[in-house]
Trainee: 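This is the structure I want to talk about, given as structure tokens.
Numbers restart at 1 for each chain; the letters A, B, ... are given by sequence-line order, proteins then strands.
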Number of protein chains: 2
Amino acid sequence: MRDPGLVPIQGQDPCGLIHLPARKQAFACRAQHRRTCCTLIRDNEELDKGHSVPAKPTRNRKASAAEHPGRMQMADIARLAGVSTSTVSRALKGSKLVNDETRQRIEQIASQFHYTVNQLAMSLRSGTNRTIAVVVPYEKDRRQNFTDPFLHGMIGALADVLTERDYEMLLVRMEAGQLPSIGSLVDAGRTAGIILIGQWHHHDQLNTIADRHLPLVVWGAQLPQQRYHCVGGQNTVGGRLAGEHLLGQGCRSIAFLGDRDLPEVEQRYRGFTAALRKHGVKHDPALRKDIPFLAPDARRATLEWIDHGVVPDGLFAASDLLAMAAIGALRERGLDVPKDVLVVGYDDVDFAAHFHPSLTTVRQPVQLGAEAMVDTLLDLLGQTPAAHAPELPTQLIVRESSQRA
Amino acid sequence: MRDPGLVPIQGQDPCGLIHLPARKQAFACRAQHRRTCCTLIRDNEELDKGHSVPAKPTRNRKASAAEHPGRMQMADIARLAGVSTSTVSRALKGSKLVNDETRQRIEQIASQFHYTVNQLAMSLRSGTNRTIAVVVPYEKDRRQNFTDPFLHGMIGALADVLTERDYEMLLVRMEAGQLPSIGSLVDAGRTAGIILIGQWHHHDQLNTIADRHLPLVVWGAQLPQQRYHCVGGQNTVGGRLAGEHLLGQGCRSIAFLGDRDLPEVEQRYRGFTAALRKHGVKHDPALRKDIPFLAPDARRATLEWIDHGVVPDGLFAASDLLAMAAIGALRERGLDVPKDVLVVGYDDVDFAAHFHPSLTTVRQPVQLGAEAMVDTLLDLLGQTPAAHAPELPTQLIVRESSQRA
DNA sequence: TCGCCTTTTGCAATCGATTGCAATTTGCGA
DNA sequence: TCGCAAATTGCAATCGATTGCAAAAGGCGA
């Protein structure tokens with residue numbers, strides 16, 4: 001009895017036989033779901049019947065076929081082209097080991113059947129993985145963090161840079177408390193590396209993760225004893241620029257909005273107060289409120305100030321979102337920006353220029369940042385000892401909200 | 001000579017031998033990169049040396065090891081726990097076929113070594129795939145489309161819904177021209193299904209893709225002869241609501257901003273003009289401009305109107321972004337909103353309420369939409385014939401920008 | 001026609017898991 | 001103490017590709 005794995009193929013083979021693992025019984029089952037375009041295979045099947053003994057059933061094939069009905073695979077293409085899978089594999093990845101004519105035939109068949117090499121199998125076998133996880137943590141009970149336009153800008157920039165580098169982006173939302181477990185994204189071979197946007201209060205946990213030498217890059221502030229790779233803007237400089245500008249406009253009693261518990265905000269505040277000090281102004285603790293990056297909080301905080309008789313002549317917010325919300329609140333109480341209060345935000349989100357009044361703000365180097373993060377990460381993956389990325393330059397963009405004229 | 005595949009393991013086995021494929025020579029190579037936590041394995045290795053004959057080198061292992069230095073795998077855990085990989089596999093996925101005691105030991109070892117089942121191998125073998133591609137097309141030469149806040153809201157909502165359903169999200173940016181190739185995301189086994197945000201002008205191409213029965217759900221407008229699954233808001237109703245509201249506020253010469261080439265916008269415009277007609281008003285073609293969803297275009301278009309002496313008393317924009325940019329332009333020319341011109345936007349993006357003046361707008365059911373898209377897609381994946389999702393309800397949110405008071 | 005050197009192609013092991021079936025162990029009643 | 005059923009565990013095939021090595025085919029000069 002002939003080996004059921006032996007399947008006759010026309011042409012090419014002198015003895016009419018090429019040893020090719022038959023697709024076995026599964027065909028019968030898969031045929032039900034087969035798309036119209038697959039007639040060609042069926043014809044081929046017909047041809048086979050005359051010669052070969054029906055192969056014995058395979059165990060798991062059926063279940064799998066039920067899930068991915070009729071998905072083509074390399075063996076199908078190989079059979080149609082009358083070659084082995086080795087050749088198909090090589091042809092489709094452009095190896096010069098394959099005859100041009102053969103390659104063209106294979107490519108033609110593949111495209112005709114919408115065949116694309118199975119990435120899972122490919123990654124598994126070749127050990128390559130071109131997916132990067134971009135993790136955006138949120139604090140429990142306030143999912144809204146994701147609404148911050150800065151995040152969107154950053155995610156968009158990352159998506160573009162990764163696409164350019166021919167990587168794919170897995171967007172992961174994760175509760176901040178579970179941060180220590182991000183390592184599993186890499187441990188599971190799911191992604192090649194991780195970009196984390198927002199270090200929050202998790203400095204120590206990040207250090208722990210870094211100690212496992214996972215490919216990880218964080219957007220945030222440079223901190224002492226930082227063992228993870230971190231990219232960010234010059235927060236202290238940004239804070240100083242904002243402070244100096246407001247002082248230069250004649251402000252003396254400047255309010256600050258932002259959660260100094262976050263390293264980035266803390267640095268911005270530090271730069272800001274340093275500027276004040278240089279001009280002999282001490283920052284009144286009553287003029288700062290530690291609020292998260294959420295518009296409603298900014299509004300509430302601003303209203304509270306005013307309702308308690310605290311009316312600053314300037315306001316520096318740790319993000320544009322906060323600044324805009326604060327401006328709204330000021331207006332609610334009849335205070336005009338920039339006539340009564342000058343305001344400076346942080347980030348220079350897309351919309352800052354279209355706001356009314358257009359918003360003076362410290363521009364974060366989003367594009368540069370995205371590139372730096374991706375490049376640092378790819379260096380890590382390539383074993384190249386990543387040059388520790390410096391803080392990226394920051395710049396004050398002066399618009400209407402901070403000019404009395 | 002003993003089979004090199006036979007490796008001695010202490011305990012459990014009466015004869016001191018369990019047939020377990022050894023990790024072979026790769027160990028030597030991988031050991032270099034091994035993380036500190038792996039001492040336990042080395043000890044185990046030491047033990048082995050005494051008994052077993054060095055296994056012959058494996059070909060590809062080295063290369064792979066170089067890429068994923070020291071990644072644990074199931075065989076390692078099995079060896080450490082003194083069981084087979086079958087048992088480890090079952091234990092880690094909570095099968096009740098495993099003794100509790102054994103499971104606990106295995107779990108303990110796995111967590112100690114940060115071991116996580118390799119998702120690629122798992123997906124490949126078991127045919128499961130819990131990744132969904134969310135595709136956001138952009139038009140060539142204007143990447144900025146991604147900056148539209150509506151998109152961000154939708155992506156955020158999708159991310160949350162998918163996470164909730166225990167799926168992962170692959171965010172794909174793609175040039176609109178390449179849209180016909182999105183099928184490869186599924187063909188390659190990369191993702192289980194596709195959610196496409198923005199049907200743009202690609203109705204026919206989407207139909208073609210749908211004919212291949214790929215799991216695809218699109219956010220957009222319901223169109224005649226639509227063979228792909230599509231979820232969207234009631235655009236005609238939305239347009240009508242906006243029109244009626246502006247008419248009710250006394251407007252008679254209402255400008256329209258938005259690219260009617262896009263089905264959604266076209267429907268909004270149709271509803272809008274229908275409302276006008278009902279009140280005996282015919283929409284003056286001079287009062288509409290087909291511009292893309294980009295702020296600068298809205299500004300330019302608005303300025304052009306005014307500079308050509310066309311000053312409407314109302315304005316309906318196909319998105320909040322356009323509305324806000326238009327308001328800025330009006331202000332530039334000394335026109336106040338809502339004193340001189342009433343404005344209604346579309347989407348109700350997060351920021352609409354914080355804008356000045358706060359923006360009257362037609363709310364898109366983003367959360368509902370995200371849920372509907374995901375559920376429709378999962379139905380498709382589960383072979384459940386997805387109930388064709390109806391158009392989702394739309395609602396006018398009246399704020400300052402459209403009220404003269 | 002023969003031998004040797006390129007070009008092409010195929011074989012079979014491998015990536016790291018899952019799972020049907022068979023084998024082993026354990027428990028328990030007779 | 002024996003036998004049978006239930007509870008555990010292991011074997012080996014399999015998912016769909018990649019790739020080192022060896023074999024086959026083709027070209028060419030003698």
Trainee: Taking side-chain contact (heavy atoms from CB on, under 4.5 Å) as the criterion, tell me which of I109(A), I106(A), I77(A), L80(A) meets it with Y115(A).
Mentor: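 Among I109(A), I106(A), I77(A), L80(A), the one meeting side-chain contact (heavy atoms from CB on, under 4.5 Å) with Y115(A) is I77(A).
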Trainee: Which heavy atom of A192(B) sits nearest to which heavy atom of I132(B), and what is that distance?
Mentor: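 Heavy atoms of A192(B) and I132(B) come nearest at CB-CD1, 4.3 Å.
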Trainee: Using whole Å, report how far CD of Q119(A) lies from C1' of dG16(C).
Mentor: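 Those two atoms, CD and C1', are 18 Å apart.
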Trainee: Output the rounded distance in Å from CG (N99(B)) to C1' (dT8(D)).
Mentor: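 Answer to the nearest Å: 7 Å.
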Trainee: Between dT9(D) atom C1' and D100(B) atom CG, what is the distance in whole Å?
Mentor: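 After rounding, the reported distance stands at 15 Å.
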Trainee: So which nucleotide from dG16(D), dA17(D), dT19(C) ends up closest to the side chain of S126(B)?
Mentor: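 Nearest to the side chain of S126(B) among the choices is dT19(C).
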Trainee: Starting from P on dT18(D), measure out to CE on M122(A) and report it in whole angstrom.
Mentor: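 After rounding, the reported distance stands at 6 Å.
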Trainee: Under 3.5 Å, is there a donor-acceptor pair between the R190(B) and T131(A) side chains?
Mentor: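 A pair is found: one side chain offers a donor N or O, the other an acceptor, under 3.5 Å apart.
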Trainee: Closest-nucleotide mapping onto DNA chain D: is T87(B) or A121(A) further toward the 5' terminus? I mean the 5' end.
Mentor: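 The residue mapped nearer the 5' terminus is T87(B).
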Trainee: Strictly below 4.0 Å: does Y115(A) bring a side-chain N or O up to OP1 or OP2 of dA17(D)?
Mentor: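 Yes, within the criterion.
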Trainee: Using modelled atom types only, decide if a donor and an acceptor are shared between the side chain of S181(B) and the backbone of Q178(B) within a distance under 3.5 Å.
Mentor: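 Side chain of S181(B) to backbone of Q178(B): a pair is present.
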Trainee: Send over the distance from L124(A) CG to dT19(D) C1', rounded to a whole Å.
Mentor: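 It is 14 Å, rounded to the nearest whole Å.
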Trainee: Out of dT9(D), dT18(C), dT19(D), which has the shortest distance to the side chain of S89(A)?
Mentor: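 For the S89(A) side chain, the nearest candidate turns out to be dT19(D).
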Trainee: From dT18(D), dG16(D), dA17(C), pick the nucleotide closest to the side chain of T85(A)?
Mentor: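 So the side chain of T85(A) is nearest to dT18(D).
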Trainee: I need the CZ-C1' distance between R125(A) and dT14(C), as an integer number of Å.
Mentor: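 Taking atom C1' of dT14(C) as the reference, CZ of R125(A) is at 4 Å.
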Trainee: Checking contacts here: which listed nucleotide (dT9(D), dT18(C), dT18(D)) is nearest the side-chain heavy atoms of K93(A)?
Mentor: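 From the listed options, dT18(D) comes nearest.
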Trainee: At their closest point, which heavy atom of H229(A) faces which heavy atom of L380(A), and how far apart are they?
Mentor: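 Nearest pair, atom of H229(A) first, then L380(A): NE2-CD2, 3.5 Å.
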Trainee: Quickly work out the R79(B) CZ to dG10(D) C1' distance and round it to whole Å.
Mentor: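 So the CZ-C1' distance, R79(B) to dG10(D), works out to 16 Å.
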Trainee: Can you check the L97(A) CG to dA23(D) P distance for me, whole Å?
Mentor: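 Distance, rounded to whole Å: 17 Å.
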Trainee: Identify which nucleotide among dT18(D), dT9(C), dC11(D) has an atom closest to any side-chain atom of S84(B), counting heavy atoms from C-beta outward.
Mentor: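 Out of dT18(D), dT9(C), dC11(D), the nucleotide with an atom closest to S84(B)'s side chain is dC11(D).
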Trainee: Spell out yes or no: do the side chain of R90(B) and the base of dG10(D) have one donor N/O and one acceptor N/O closer than 3.5 Å?
Mentor: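 Per atom types, the contact qualifies.
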Trainee: Between dC11(C) and S86(A), counting only base atoms on the nucleotide and side-chain atoms on the residue, is there a donor-acceptor pair under 3.5 Å?
Mentor: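 Answer is yes: a donor-acceptor pair is held.
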